[in-house]
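Each residue takes its place number in the sequence, starting with 1.
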Amino acid sequence: MNMKVILDVDTGVDDALGILLAIRSGEMDILGITTVNGNVSLEQATVNTCKILQLAGGEHIPVVKGADRPILRNTHFEHRVHGKDGLGGALKDMPVHKQAEDEHAVDFIIEQVRRYPGEVTLVMTAPLTNLALAVMKYPELVRQVKEVVVMGGVVQGFGNVTPTAEYNMYVDPEAAKLVFKAGFSSLTLVGLDVTRKALLTEEHIASLGDSPLARYVRESTADYMQRYYERNGVWACALHDPLAVGVVLNRELVTVKSYYVDVETRSELCDGQTVCDFQNRLSQEANVHVCLDVAADAFLRLFIRVLRR
């Protein structure tokens, strides 16, 4: 039986690749995809999600709009990385006929988790605003969700929006702090520590062949690769969000240890930093399963194999 999953996205380049991996894997019963402000506006993220579902033949999957801004903060888009439209200009001429549902993402998440208690995995590849609002509205959610997998944070390296903060944590650190402290029985953090090792190269893209999907991947990642090279000296696209989907598909891809993790929300210099208490200095019970290493080659083989189908 396929696992029941809700994807929560701010659909930029790598969210889109994560959605494609989830759909094409054939191993997920995707109950819906919820959208949130992040890389791009809520409206743009929703349009992008609908386009990706049209591309992938997933138009039957509900798309539900959520929060259009962080809980307390101003928006902080990433147009330089993902382009003005969030998809690097790919699919710019695609007519959009799929529409979002007439419901709010927070209510949708609560409704689905209540319908399938103990069965739903939440895959969060965006700022955690929707999930934080859902927990505030329905605290029982933390006991009824099967697991939460979050793409976000970095515990041993440097950030990608400030020296210390990863983007999803930085955009809404109050939401992340609330989610981490909520008491989920299984919350896994797939951070930059592992996603920076999952690098899609031009050689990988060439191996996808010449399908419409392969052409989309090539076009959408072109500017992203340029930006990654400018910052990191490597011509590649880090598969941040697809790796979170990959961890749900195969937990053995990552090395995981449990720690107490909190998020800084009151620092001029370090807002959004994920602070991992490796030595238990704070004497707090572990609340997060932290991914520390990844079998990157195995994941990339999985990614290529699934998208070639």
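The ring pair (Phe, Tyr, Trp, His ring centres under 6.0 Å) test applied to Y116 returns no partner, not counting sequence neighbours. Applying the ring pair (Phe, Tyr, Trp, His ring centres under 6.0 Å) criterion to Y138, with sequence neighbours excluded, gives no partner residue. Listed by chain and residue number, nothing satisfies the side-chain hydrogen bond (donor to acceptor under 3.5 Å, both in side chains) test with D193 (two or more places apart in sequence, or in another chain). The side-chain hydrogen bond (donor to acceptor under 3.5 Å, both in side chains) check on T201 picks up H204, with sequence neighbours excluded. V142 is linked by a side chain to side chain contact (heavy atoms under 4.5 Å, CB included) to V135, A182, F184, counting only residues two or more places apart in sequence or in another chain. Residues forming a side-chain hydrogen bond (donor to acceptor under 3.5 Å, both in side chains) with T274 (at least two apart in sequence, or on another chain): none. For the side-chain hydrogen bond (donor to acceptor under 3.5 Å, both in side chains) test, no residue two or more places apart in sequence or in another chain qualifies with N168.
A donor-acceptor contact shorter than 3.5 Å is absent between the side chain of K146 and the backbone of T121. Side-chain atoms of D271 come within 3.5 Å of backbone N or O of R266 as a donor-acceptor pair. Between the T221 side chain and the Y224 main chain, no donor and acceptor come within less than 3.5 Å of each other. The backbone N or O of N287 sits nowhere less than 3.5 Å from a side-chain atom of S258 that would complete a donor-acceptor pair. Judged by distance alone, with hydrogens and angles left aside, the side-chain atoms of R215 form a donor-acceptor pair with the main-chain N or O of D210 at under 3.5 Å. At least one donor-acceptor pair closer than 3.5 Å links the side chain of Y167 to the backbone N or O of N39. Side-chain N or O atoms of N130 include one that pairs as donor or acceptor with a backbone N or O of A67 at under 3.5 Å.
Counting only residues at least two apart or on different chains, the side-chain hydrogen bond (donor to acceptor under 3.5 Å, both in side chains) pairs with a member in residues 89-101 are E59-H97. Counting only residues at least two apart or in different chains, ring-ring contact (aromatic ring centres under 6.0 Å, His included) contacts with residues 279-309 are absent. Pairs engaging residues 231-267 under the ring-ring contact (aromatic ring centres under 6.0 Å, His included) rule: Y229-W235, Y259-F278 [sequence neighbours left out].
Within 6.0 Å of NZ on K197 lie more than 12 heavy atoms contributed by other residues, nucleotides or ligands. The 12-atom threshold is exceeded at CG of L282, counting heavy atoms of other residues, nucleotides or ligands nearer than 6.0 Å. Other residues, nucleotides and ligands place no more than 12 heavy atoms under 6.0 Å from the CZ atom of R114. Crowding of E285 atom CD: a count of heavy atoms from other residues, nucleotides or ligands under 6.0 Å not exceeding 12.
Clustering of Ile, Leu, Val, Met, Phe, Trp and Tyr by side-chain heavy atoms under 4.5 Å joins V96 with V47. Apart from M151 itself, the hydrophobic cluster it occupies contains V154, L192, where clustering links Ile, Leu, Val, Met, Phe, Trp and Tyr at side-chain heavy-atom distances under 4.5 Å.
When only modelled atom types and interatomic distance are considered, T75 and N37 share no side-chain donor-acceptor pair under 3.5 Å.
A 4.5 Å side-chain heavy-atom check between S41 and F77 finds at least one atom pair inside the cut-off. Within the 4.5 Å cutoff, the side chain of I61 has heavy atoms near those of the I33 side chain. At least one side-chain heavy atom of L253 sits less than 4.5 Å from a side-chain heavy atom of L302. Within the 4.5 Å cutoff, the side chain of T46 has heavy atoms near those of the V63 side chain. Between Q44 and K84, every side-chain heavy-atom pair lies at or beyond the 4.5 Å cut-off. Side chains of D14 and P242 form a contact here, defined as non-hydrogen atoms less than 4.5 Å apart.
Here the CD-CD distance, from Q112 to E119, works out to 11.0 Å after rounding to the nearest 0.5 Å. Remark: L307 CG to L17 CG distance equals 7.0 Å, nearest 0.5 Å. Here the CG atom belonging to N2 is positioned 9.5 Å from the CD1 atom belonging to I30, to the nearest 0.5 angstrom. The CG atom of L91 sits 12.0 Å away from the SG atom of C50 when rounded to the nearest 0.5 Å. The CD1 atom of I19 sits 13.5 Å away from atom NZ of K51, with the distance rounded to the nearest 0.5 Å.
Hydrophobic clustering (side-chain heavy atoms under 4.5 Å, transitive across Ile, Leu, Val, Met, Phe, Trp, Tyr) keeps V179 apart from V5. In terms of hydrophobic clustering, with Ile, Leu, Val, Met, Phe, Trp and Tyr side chains grouped at heavy-atom distances under 4.5 Å, V120 and V245 are assigned to different clusters. Linking Ile, Leu, Val, Met, Phe, Trp and Tyr whenever their side-chain heavy atoms come within less than 4.5 Å leaves V155 and V294 in two separate clusters. The hydrophobic clustering, which links ILVMFWY residues whose side-chain heavy atoms are closer than 4.5 Å, places V288 and L141 together.
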Evaluate the salt bridge (Lys or Arg N to Asp or Glu O under 4.0 Å) criterion for residues E78 and R227: first the C-alpha distance (whole Å), next the side-chain angles of each, then the deciding distance (0.1 Å), finally the verdict.
CA-CA 12 Å; E78 272 289 27; R227 299 290 175 264; over 6 Å; no

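Exactly one of T49, N48, D241 qualifies for a side chain to side chain donor-acceptor pair (under 3.5 Å) with T11. That residue is T49.
In summary, R73 and D172 do not engage in a salt bridge, as defined by a charged side-chain N under 4.0 Å from a carboxylate O.
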